[in-house]
Amino acid sequence: MLFIKLKAKFRQPAFLGYYCRFDFIMCYSTSTSVRKQLEEFLGPEYTLGGYESFWAASGFDFPALPVLTGDKPFVVQMLQWGLIPTWAKNRESALQIRAKTLNARSETIFETASFRDAVSGQRCLVLVDGFFEWQHHGKTTQPYYIHLPGATPFAIAGIHSMWTDRETGEVTDSFSIITTVANKLMSDIHNLKKRMPLILDKDQWSAWLDPALTREQITAMMTPYPDGILEAFPVSKLISSRHKNVNVPEVQQRIDLVKPGLLEF
DNA sequence: CCAGACGTTGTT
DNA sequence: GTCTGG
DNA sequence: CCAGACGTTGTT
DNA sequence: GTCTGG
């Protein structure tokens, strides 16, 4: 059994932002500077509306996260993570199903009952500047934060769905993020499952949100992010905690591995 | 036919 | 809503 | 991933 | 120890 000892060595965060652990955790940030940073990145044609940022958000909390949809591609909307299909009969079944729809596998998305309606005409983009993934060493895990150079924001591609509660009339707009096979970096980090979120740069956003896309065109966009661009560093296991508040700056602080893990970046 | 599911991740 | 399992 | 359960009888 | 639920 291999134990990895960790020595926390905090330094100033290189940036602020929100992120999103793609499988069942995370999205980040908090200060007004983050909003400004995103505003600058998006440019004047975008409206931030009710945009809210986090240091970390767990999928199992079903948080509302900043999303662009095909209907309003230039308006940041807060949509709920955990897609509820239109056919959910009642609140109980809606809550049950959304716990299983945090991620959608790109390989089967056109066939699965929960996703196939949304993928054709209800695509969306989840705005993040990073996400977390765990590297496995025997029985232990080491979380990493994955991001672009300079904390450049990017989007995780997703699908969304409007659900109306027939008892209350309440409408919920919710989403799933799409996963694909890992690229090289993510294969090293997510060393067992070797998956990664479908990441789209800003110049691909309008194509992804175009409602006229054919199935073939959609499939063609569902590829791993190119190698050699994403960066990663190890972070404290605070991010893995279920009961502590992980929505704090510390979750994204780099730590040094006392006994180096399988990887150094 | 009806009832029940409808999903992903992970096993160094 | 639609498919599957019994 | 972690936290928490870890069971049976009888039921519209 | 191992499975399940979130």
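Here is the naming used below: chain letters follow the sequence lines, and residue numbers restart at 1 for every chain.
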Can you see if the side chain of [X] gets near the phosphate of [N] - specifically, an N or O under 4.0 Å from OP1 or OP2?
X: Thr101(A); N: dG7(B); value: no
X: Arg105(A); N: dG7(B); value: no
X: Ser240(A); N: dC1(D); value: no

Can you check the [X] [atom1] to [N] [atom2] distance for me, whole Å?
X: Arg98(A); N: dT8(B); atom1: CZ; atom2: C1'; answer: 16 Å
X: Phe115(A); N: dG7(B); atom1: CZ; atom2: P; answer: 6 Å
X: Ile178(A); N: dT8(B); atom1: CD1; atom2: P; answer: 11 Å
X: Trp87(A); N: dG7(B); atom1: CH2; atom2: C1'; answer: 10 Å
X: Phe62(A); N: dG5(E); atom1: CZ; atom2: P; answer: 14 Å
X: Leu83(A); N: dT8(B); atom1: CG; atom2: P; answer: 11 Å
X: Ile177(A); N: dG7(B); atom1: CD1; atom2: C1'; answer: 13 Å
X: His136(A); N: dT9(B); atom1: NE2; atom2: C1'; answer: 9 Å

Distance, [atom1] atom - from [M] to [N], rounded to whole angstrom:
N: dC6(D); M: dA3(B); atom1: C1'; answer: 29 Å
N: dG5(E); M: dA5(B); atom1: P; answer: 11 Å
N: dT9(D); M: dT2(E); atom1: P; answer: 26 Å
N: dC2(B); M: dT8(D); atom1: P; answer: 33 Å
N: dC1(D); M: dG7(B); atom1: C1'; answer: 16 Å

Can you figure out which of [options] approaches the side chain of [X] most closely?
X: Thr179(A); options: dT8(B), dG6(E), dG7(B); value: dT8(B)
X: Trp134(A); options: dC1(D), dT8(B), dC6(B); value: dC1(D)
X: Thr141(A); options: dG7(B), dC6(B), dC1(D); value: dC1(D)

query = Would you say the side chains of Gln80(A) and Thr172(A) form a donor-acceptor pair under 3.5 Å?
reply =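 There is no such pair (donor and acceptor under 3.5 Å, judged by atom type) between the side chains of Gln80(A) and Thr172(A).
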request  = Establish, yes or no, whether the cationic atom of Arg215(A) lies under 6.0 Å from the six-membered ring centre of Phe110(A) and within 45° of the ring axis.
outcome  = yes
ask   = When you measure from the centre of the six-membered ring of Phe154(A), is the NZ or CZ of Lys202(A) under 6.0 Å away and within 45° of the axis?
value =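 No, Lys202(A) does not sit over the ring of Phe154(A).
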Over all atoms of both residues, closest heavy-atom pair of Ala118(A) and His160(A) = CB-O, 3.4 Å
task = Taking all non-hydrogen atoms of both residues into account, name the closest pair between Thr141(A) and Lys237(A) and its distance.
result = O-CE, 2.7 Å
key: Watson-Crick or G-U counterpart of dA3(D), or none if no pair lies under 3.5 Å   = dT4(E)
task = Find the partner of dT8(D): check Watson-Crick (N1-N3 plus N6-O4 or O6-N4) and G-U wobble (N1-O2, O6-N3) distances, both under 3.5 Å, and reply none if neither fits.
result = none
Indicate, with a heavy-atom threshold strictly under 4.0 Å, whether [X] touches base, sugar-phosphate, or nothing.
X: Lys89(A); value: base
X: Ala88(A); value: nothing
X: Thr112(A); value: sugar-phosphate

ask   = Under 6.0 Å from the NZ atom of Lys184(A), do we count more than 12 heavy atoms belonging to anything else shown?
value =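 Open: at most 12 neighbouring heavy atoms sit under 6.0 Å from NZ of Lys184(A).
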task = Kindly indicate whether the side chain of Lys100(A) and the base of dG5(E) share any N or O donor-acceptor pair separated by less than 3.5 Å?
result =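 For Lys100(A), whose side chain was compared with the base of dG5(E), there is no donor-acceptor pair (under 3.5 Å).
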